[in-house]
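Have a look at the structure below, then the notes.
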Amino acid sequence: MRILLKGGRVVSSAGVLAADVLIEGETVAAVGKDLDNPGGEIVDCSGKLLFPGFIDAHTHFDLEVAGTVTADDFATGSRAALRGGTTMVVDFSAPDKGDTLRCGLERWRRKAGGRSLCDYGFHMTIDDWNEGISREIGEMAAEGITSFKMYMIYPAMMIGEAEIYQALKRLKEVGGIAGVHCENSGIIGALIEEAKAAGRMGPGSHPRTRPNPLEAEAVSHLLRIAQMADTPVIIVHLSTREALEEVRAARRRGQTVYVETCPHYLLLEDSVYDNPDYLEAAKFVCAPPIRKKADQEALWEALRRGEIQTVSTDHCSFTLQQKMAGRKDFTKIPGGLPGVEDRGVLLYTAGVAQGRITLGDMCRVLAENPAKLYGCWPRKGVIAPGSDADIVVYDPKADTVLRAADHIQNVDYNPYEGFRTAGSIAQVYLRGRLAVDGGRVLLREGDGAFIHRHGNML
């Protein structure tokens, strides 16, 4: 089957090119001007932008956490992802402490297999360290799982400094890479105890017990460990100006450091926690917490300068009823925000349309860089002959308003309620198939494929 997308503008990290795109089967056959498709389907894309399918390399679908399970599983989460232009997610396979990596992988294969509507891969969480885990890292890489996750906080998931060092050295041996959640666990714990002793049990204590310096200190701490291991690392969901400064210092030393941030750190401010309505404040609880305007501005500037490589969502959705678990104790509020459905329009509206970043920047952080960093380039992340025909058709003139009543992610609120967008997504193609048309998701559960990934190419 051949489909010609005609008259649009193709976006890459290098900029924008007026060109037609010919799709044959699952891949792009040609990109150029005045292409034709005799007897085949021709789709008029005049006035529209053609992006490579977006990649969200930080989602948490069907995750057991905080005594509950995230509201979106692979079926509902991937459906919402597709609607938002995301044609591939990389979720986190999370073995329990004491389990093998293989055990975690098989659990996530069962969760995603036959359920996901978009393509997918897995990061492997390292929450334990021993000879068996070290051996399994090589086995995971051979199976196309080349990225890993480590935590410097949460007793059920964190490992110690020596273990982080040893894991980083092992990852270097197999060509893998680790993303790390950086917060100072000890001091956060002490601040939480102080807040509880003073009777400050509401959501407003959440950001106050996780202040900026504790992210920056943990980033610095990790980067010195990585320096000794001589291994690149990824700082996931970076949220503060101070943490950026630690990354810049490491880069000046000659270290390779990659940075991810999220839309909620670019668009929301910490005043959301001051709302006297418990649920209105609790629904924004996430870690790291929402920060201040100055942090937003620093992140946008870093995006513009190419210092931040990816923008992922950290989609970790809970209903308002689930958020009620912390009604009398802010530490029991399940932490996380939904976002997988809105990332593309948010970045276009607040970034490109406001002149903060270019179309090339948007393509780089949503598609090209994650494809390279997580080992699926050039199959993913670019519209070029031979690449998968994962294409987002964006209409800059079709403005809309984000509302929970209209979204399809499995949660009953939207952090960006009432946000007016500059344009919206008209169509999405997944490996040559029309997956979304005018907001309607056309694919079915199981249409997404597991993507075998190789090493970092960024």
Side-chain angles (χ1 to χ4, degrees), residues 51 53-63 65 70-74 76-92 112 116-123 147 149 179 181 234-239 258-268 272 283-291 296 299-300 303 308-318 334-351 357 362-367 369-371 373-374 380-381 392 402 404 407-411 413-417 419 421 425 428 448:
F51 287 94
F54 304 146
I55 298 170
D56 192 342
H58 196 148
T59 62
H60 295 285
F61 297 157
D62 202 0
L63 175 67
V65 64
T70 52
D72 279 299
D73 61 14
F74 273 87
T76 64
S78 65
R79 183 183 299 274
L82 267 182
R83 193 174 192 235
T86 292
T87 53
M88 178 176 173
V89 299
V90 190
D91 204 85
F92 293 86
S116 186
L117 285 79
C118 69
D119 288 351
Y120 62 94
F122 302 127
H123 308 290
S147 49
K149 174 77 173 289
H181 180 139
I234 306 164
I235 310 300
V236 299
H237 49 51
L238 184 141
S239 67
Y258 303 102
V259 175
E260 167 201 275
T261 195
C262 306
H264 43 281
Y265 301 125
L266 294 167
L267 278 83
L268 303 176
V272 295
K283 64 188 182 184
F284 293 99
V285 166
C286 59
I290 307 301
R291 304 297 189 179
Q296 275 186 25
L299 294 174
W300 280 115
L303 276 173
I308 294 175
Q309 282 65 54
T310 69
V311 176
S312 302
T313 61
D314 195 5
H315 181 94
C316 192
S317 60
F318 299 98
L337 298 180
V340 75
E341 190 170 340
D342 299 322
R343 180 179 55 139
V345 293
L346 291 171
L347 205 61
Y348 182 88
T349 303
I357 58 173
M362 177 173 165
C363 181
R364 184 163 43 248
V365 299
L366 294 191
N369 279 355
L373 183 59
Y374 295 111
K380 305 289 189 182
V392 178
L402 300 183
H407 71 212
I408 61 173
Q409 50 199 1
N410 192 33
V411 63
Y413 76 96
N414 191 311
Y416 311 100
E417 186 74 23
F419 182 89
T421 73
I425 291 166
V428 180

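The model shown is predicted, which means the values in this text are computed figures rather than measured ones. Numbers here simply count residues along the sequence, with the first being 1. Hydrogens, waters and symmetry mates are skipped; everything else that's a heavy atom, side chains included, is used.
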**OP:** Return the minimal non-hydrogen interatomic distance between Gly339 and Gln409, and the atom names on each side.
**Re:** N-OE1, 3.8 Å

**OP:** Report the relative orientation of the aromatic rings in Phe92 and His60; use parallel for angles under 30°, tilted for 30 to 60°, perpendicular for over 60°.
**Re:** parallel

Subject >> Val236 backbone acceptor or donor facing Tyr258 side chain under 3.5 Å >> reply: no

Subject >> Pairwise distance CG(Leu82) to CD(Glu341) - rounded to 0.5 angstrom >> reply: 10.5 Å

**OP:** Spell out, as yes or no, whether a donor-acceptor pair under 3.5 Å connects the side chain of Ser312 to the backbone of Asp314.
**Re:** no

Original post:
If you take all heavy atoms of His123 and Ala57, which pair is closest and at what distance?
Top reply: NE2-O, 2.7 Å

**OP:** For Trp300 and Gly351, indicate whether the former's side chain and the latter's backbone hold a donor-acceptor pair under 3.5 Å.
**Re:** no

Original post:
If every non-hydrogen atom of Leu268 is compared with every non-hydrogen atom of Gln296, which pair is closest and at what distance?
Top reply: O-NE2, 2.9 Å

Original post:
Do Asp73 side-chain atoms and Thr76 backbone N/O form a donor-acceptor pair below 3.5 Å?
Top reply: yes

**OP:** Please name the pair of heavy atoms, one in Asp72 and one in Asn410, separated by the smallest distance, quoted to 0.1 Å.
**Re:** OD1-N, 2.8 Å

Original post:
Could you state the interatomic distance from CD1 (Ile308) to CG (Asn369), rounded to the nearest 0.5 Å?
Top reply: 11.5 Å

Original post:
Can you check whether Leu117's main-chain N or O pairs, donor with acceptor, with Ser78's side chain at less than 3.5 Å?
Top reply: yes

Original post:
Going from CZ on Arg343 to CG on Leu266, what distance comes out if it is rounded to the nearest 0.5 angstrom?
Top reply: 12.0 Å

Subject >> Where His407 and Arg83 come nearest, the two heavy atoms and their spacing >> reply: CA-NH1, 3.7 Å

Original post:
Can you name the closest pair of heavy atoms from Gly84 and Phe54 and give their distance?
Top reply: O-CD1, 3.7 Å

Subject >> Ser239 vs Arg291, side-chain hydrogen bond (donor to acceptor under 3.5 Å, both in side chains): CA-CA, chis, key distance, verdict >> reply: CA-CA 7 Å; Ser239 67; Arg291 304 297 189 179; 3.0 Å; yes

Original post:
Can you check whether Leu299's main-chain N or O pairs, donor with acceptor, with Tyr265's side chain at less than 3.5 Å?
Top reply: no

